[in-house]
Amino acid sequence: MVSVSLMCLVLLSLWGVRGEVAPNFDNCKMFFFREKPVSGLNIALSTPDETNTQKLVNPEKCLSAYKAASPAYICQTYNNQYYFATLYDRARRIPLYSAYKMDMKAKPERKGSIVNYEPQLVHPELAQNMMNKSRCLREIQNYNKNDCTETEKKYKPNYKLNWSQAVDEDYSSSKGNYTRGHLNPAGHHQQDASQATMTFTNVAPQNPNINNDQWNKYEKNLKNNLTQGCREMYVVTGVVPNKDIVPSKEWLNNRVNVPSHYWNAFCCTDNKNKPLRSGGALCPNTADGQVTEYNTVAELQNVLINEMNFGNNFNIFFNRCQISKGSGSSYLLTLVLFIIFL
Ligand SMILES: *[C@@H]1O[C@H](CO)[C@@H](O)[C@H](O)[C@H]1NC(C)=O
Ligand SMILES: *[C@@H]1O[C@H](CO)[C@@H](O)[C@H](O)[C@H]1NC(C)=O
Ligand SMILES: *[C@@H]1O[C@H](CO)[C@@H](O)[C@H](O)[C@H]1NC(C)=O
Ligand SMILES: *[C@@H]1O[C@H](CO)[C@@H](O)[C@H](O)[C@H]1NC(C)=O
């Protein structure tokens, strides 16, 4: 009996770390306000077909991610725990946004550096945990042991990893013209939650000036000033991809789309999970980019919809995290009137 339950436990825990890139955020909706994920963003490019697979043995199995849907819904997992959510554009090899809850309590700290990759983007059957390059390559190697002979160049672990996501060499190839710009910043968290932001699926090429200066200041302001009085703060940070829809010289290393802008939206709630404060910001991804702040999420959404070609149905937060001014007192008034009427 004991051994049966033990086996079940072992099987369950194996099940827990294996996983697919699901077609939605069901496993990590808790990172969105009222558990309602961002909706209506249909701008991801579909994954380009890997050309010339004709001579390959078993391409469907050995290159299973090559036909996977884009975007990928990633529940960012580190040491078997969920930390935030990312919508990843496989063809552009950048996140479109990351959604998270700000660490409201302790003093945040930056932990570690960007070293992690997502084996689940290489083969949906592989581990859901993010992991460093050598471990990730080992996962792919183990997968390959079943009929994917590595004498085929396209089955080699490095080739598959390169194909499925942006890698370290892409960023170093720019020789400082672009930095690794976190969407979910390490500095809004501590310890493992901070370490969990260190994945290549949570960064996009960002101009070093705004990464170190304007955007950084905005992130600090969000953490230090705009959280005043909030019970929770839900944050979504995203990018506007540049216009080229196929890899070009404008892309990093001809492989990674360089966003034209970074955007941010926040929704802070009171102890009844009602909106207390909300707003957002937009910043061009250029050396002299200036942050424009918005007092409502609706204003930011309108700019993204009308000027940046986000779809008409794009919606970041449930009811745009609108502050319902005086709704409490008008409810009270109705109640009082009702009692008088009686
Ligand atoms: C990668 O991660 C494994 C396990 O977490 C660790 O043992 C190894 O030292 C790491 N390798 C590098 C290069 O950091
Ligand atoms: C992976 O991509 C990097 C960056 O382009 C490159 O330096 C490296 O040689 C590639 N490795 C393989 C095995 O394709
Ligand atoms: C960096 O940017 C400069 C100016 O636009 C350009 O001339 C140079 O080729 C770029 N370097 C790399 C490595 O992309
Ligand atoms: C917080 O707000 C004050 C007053 O507006 C401002 O001077 C300060 O720079 C802000 N702090 C951060 C970290 O941006």
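Hydrogens, waters and symmetry mates are skipped; everything else that's a heavy atom, side chains included, is used. Whatever order the structure lists them in is the order used to number ligands and atoms, beginning at 1.
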Using a 3.5 Å distance criterion without hydrogens, assess whether the side chain of T199 forms a donor-acceptor pair with backbone atoms of T201. yes

Measure the shortest side-chain to side-chain distance between S64 and Y143 over non-hydrogen atoms and say whether it is less than 4.5 angstrom. yes

Quick one: pull up CH2 in W263 and CG in L300 and give me the separation to the nearest 0.5 Å. 7.0 Å

Just to confirm my output: which protein heavy-atom neighbour is closest to atom 9 (O) of ligand 1, and how far is it? N132 ND2, 4.8 Å

Please list, in number order, the atoms of ligand 3 under 4.0 Å from a heavy atom of K175. 13 (C)

Does the protein place any heavy atom closer than 4.0 Å to atom 11 (N) of ligand 1? yes

Under 3.5 Å, side chain of T77 to main-chain N/O of C75, donor-acceptor pair present? yes

Numbered in order shown, the ligand 3 atoms found under 4.0 Å of a heavy atom of S174 are 12 (C), 13 (C)

What's the shortest distance from atom 3 (C) of ligand 1 to any protein heavy atom, and which residue and atom give it? R135 CD, 3.5 Å

Once rounded to the nearest 0.5 Å, what's the spacing between atom OG of S278 and atom CE of M233? 9.5 Å

Report the member of S172, G176, S173, A287 with the shortest heavy-atom distance to atom 13 (C) of ligand 3. S173

Quickly, which of N285, N212, V258 forms a side-chain contact (heavy atoms from CB on, under 4.5 Å) with Q206? Name it, please. N285

So which protein heavy atom does atom 8 (C) of ligand 3 come closest to, and at what separation? N177 ND2, 3.7 Å

